[in-house]
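In what follows, a structure is listed as structure tokens, so that the remarks can point back to it.
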Amino acid sequence: MRVTSAVDEVADRLLTAIAVGDFLPGERLPAERELTGLLHVSRPTVREAVGRLQALGVIEIRRGRNGGAFVRDSWSESSGAAVRRTLLPRWEEFEQLFDLRGLVEGMVAATAARRRRPEDLAPMREALSAHLSATTPREEQAADSAFHLAICEATHNPQIARLSRELLTRISLGFPIEPWGKGERSHFHRAGEGHTALYEAIAAGEPERAEEIAREHFMISAEMIRGVLARVRGEQAG
């Protein structure tokens, strides 16, 4: 029987987060202090777990003012096992969270459509434009985050924004970052179409349509995570 230590758990969560695209190649992981807060573990635990990822070749450590732990690749020989250990024991909970998130984000969009003020639309338009003109997965991910934050702020209820962030954090293994896969273009086009339709529904003050679009839109992340799990199950069967 494999006895899991805190370092094992953190290393597996980081490998899985990278595999599902919370952190993309070329991106810097949160600083050690931030990781300890997000994952509720000690700094030595984080330090050792990050060292393991460096040894696996998944990240590289850069020194200096702009240094840190940077993602080199989204997948290593160790990723499949880490994903299985991280996702499989919690999969029923993940499916429940996917369902809950669709319901909550539908409510968020409907509330924004009812309460949005004219000045709330400008940040949405800017983020939508940034997403549609993005040329890299990292730019897409940043614009996506800005777009959904603007929708949350249009509800004029900070508790709604907090609930949305908490659900994202639970789905993303402790990181408040939308899973982005490998930046597949099919996902990018679906997300762009969803953003455009969602903005139009909120701008027009149509809560029922906004709710329906949002619930479908947030299934993209669930499909990405399901796809990663299917991949590692296939590897195991093979």
Side-chain angles (χ1 to χ4, degrees), residues 13 16-24 30 38-40 83 86-116 123-124 127-128 131 137 140-184 186-202 206-231:
R13 285 173 72 178
T16 303
I18 291 169
V20 300
D22 289 350
F23 304 107
L24 298 164
L38 289 169
L39 301 177
H40 307 291
V83 170
T86 303
L87 296 185
L88 280 175
R90 311 170 187 168
W91 193 250
E92 183 177 357
E93 178 186 356
F94 271 96
E95 287 289 356
Q96 293 167 358
L97 287 170
F98 296 151
D99 179 48
L100 176 60
R101 194 179 187 211
L103 294 170
V104 168
E105 294 298 346
M107 176 272 292
V108 172
T111 304
R114 291 188 181 98
R115 298 181 180 175
R116 62 110 184 101
M124 289 184 219
L128 176 59
H131 183 267
E140 295 163 14
Q141 191 180 44
D144 176 86
S145 177
F147 181 74
H148 291 294
L149 177 61
I151 292 175
C152 283
E153 291 180 346
T155 68
H156 297 282
N157 184 337
Q159 298 303 323
I160 291 177
R162 181 177 298 175
L163 176 59
S164 175
R165 180 184 172 88
E166 287 174 356
L167 275 175
L168 171 59
T169 300
R170 291 181 67 186
I171 284 171
S172 298
L173 306 164
F175 307 102
I177 305 165
E178 198 72 46
W180 214 252
K182 293 183 178 180
E184 294 89 340
S186 60
H187 291 147
F188 167 71
H189 290 302
R190 279 185 63 195
E193 291 171 357
H195 285 179
T196 301
L198 189 51
Y199 169 77
E200 290 172 352
I202 292 171
E206 298 178 351
E208 292 80 10
R209 186 160 70 98
E211 179 176 10
E212 181 181 353
I213 293 166
R215 287 181 64 175
E216 181 179 350
H217 176 71
F218 277 94
M219 287 300 102
I220 297 175
S221 295
E223 289 169 12
M224 286 182 185
I225 298 175
R226 290 190 189 106
V228 170
L229 186 60
R231 171 180 176 174

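Atoms considered below: every heavy atom in the structure, side chains included; atoms not considered: hydrogens, waters and symmetry mates. Everything numeric here is computed off the predicted structure, so don't read it as measured data.
Counting all heavy atoms, side chain and backbone alike, L39 lies closest to L173 at CD2-O, 3.9 Å. Pairing each heavy atom of P176 with each of G174, the nearest pair is CD-O, 3.9 Å. Across every non-hydrogen atom of P179 and I225, the tightest pair is CG-CD1, 3.9 Å. Residues I151 and A109 come closest through the heavy atom pair CG2-CA, 4.3 Å. Contact between A201 and A113 at its shortest, heavy atoms only, is O-CB, 4.3 Å. Between A214 and G106 the shortest heavy-atom distance is CB-CA, 4.0 Å.
Going from atom CE of M107 over to atom CG of L103 covers 9.5 Å, rounded to the nearest 0.5 Å. Atom CD1 of I177 sits about 8.5 Å away from atom OG of S145, to the nearest 0.5 Å. Note that the CG atom of D22 and the CE atom of M224 stand 10.5 Å from one another [nearest 0.5 Å]. Considering NE2 of H131 and CZ of F147, their distance stands at 9.5 Å, rounded to 0.5 Å. The distance from the CZ atom of R115 to the CD1 atom of I160 is 5.5 Å, given to the nearest 0.5 Å. Considering CZ of F94 and CG of L88, their distance stands at 10.5 Å, rounded to 0.5 Å.
Put simply, the side chain of S221 does not reach to within 4.5 Å of the side chain of F98, judged on heavy atoms. Contact annotation: the side chain of W91 approaches that of R226 to within less than 4.5 Å [non-hydrogen atoms, C-beta and beyond]. Here the side chains of E95 and D99 are not in contact, with every heavy-atom distance at 4.5 Å or above. The shortest side-chain heavy-atom distance between F218 and E178 falls under the 4.5 Å cut-off.
A search for salt bridge (charged side-chain N to carboxylate O under 4.0 Å, His left out) contacts involving R116 returns nothing, not counting sequence neighbours. Under the ring pair (Phe, Tyr, Trp, His ring centres under 6.0 Å) criterion, Y199 pairs with no residue, sequence neighbours left out.
Residue E212 places its CD atom among 12 or fewer non-hydrogen atoms of other residues, nucleotides or ligands, all under 6.0 Å distant.
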Using residues 164-171 as the side-chain source, report each donor-acceptor pair under 3.5 Å to any protein atom, sequence neighbours left out, with the distance given to one decimal.
residue	atom	partner	partner atom	Å
S164	OG	E105	OE2	2.6
T169	OG1	R165	O	2.9
R170	NH2	E93	OE2	3.2

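Between H217 and H195, the ring-plane angle classifies as tilted under the 30° and 60° cut-offs.
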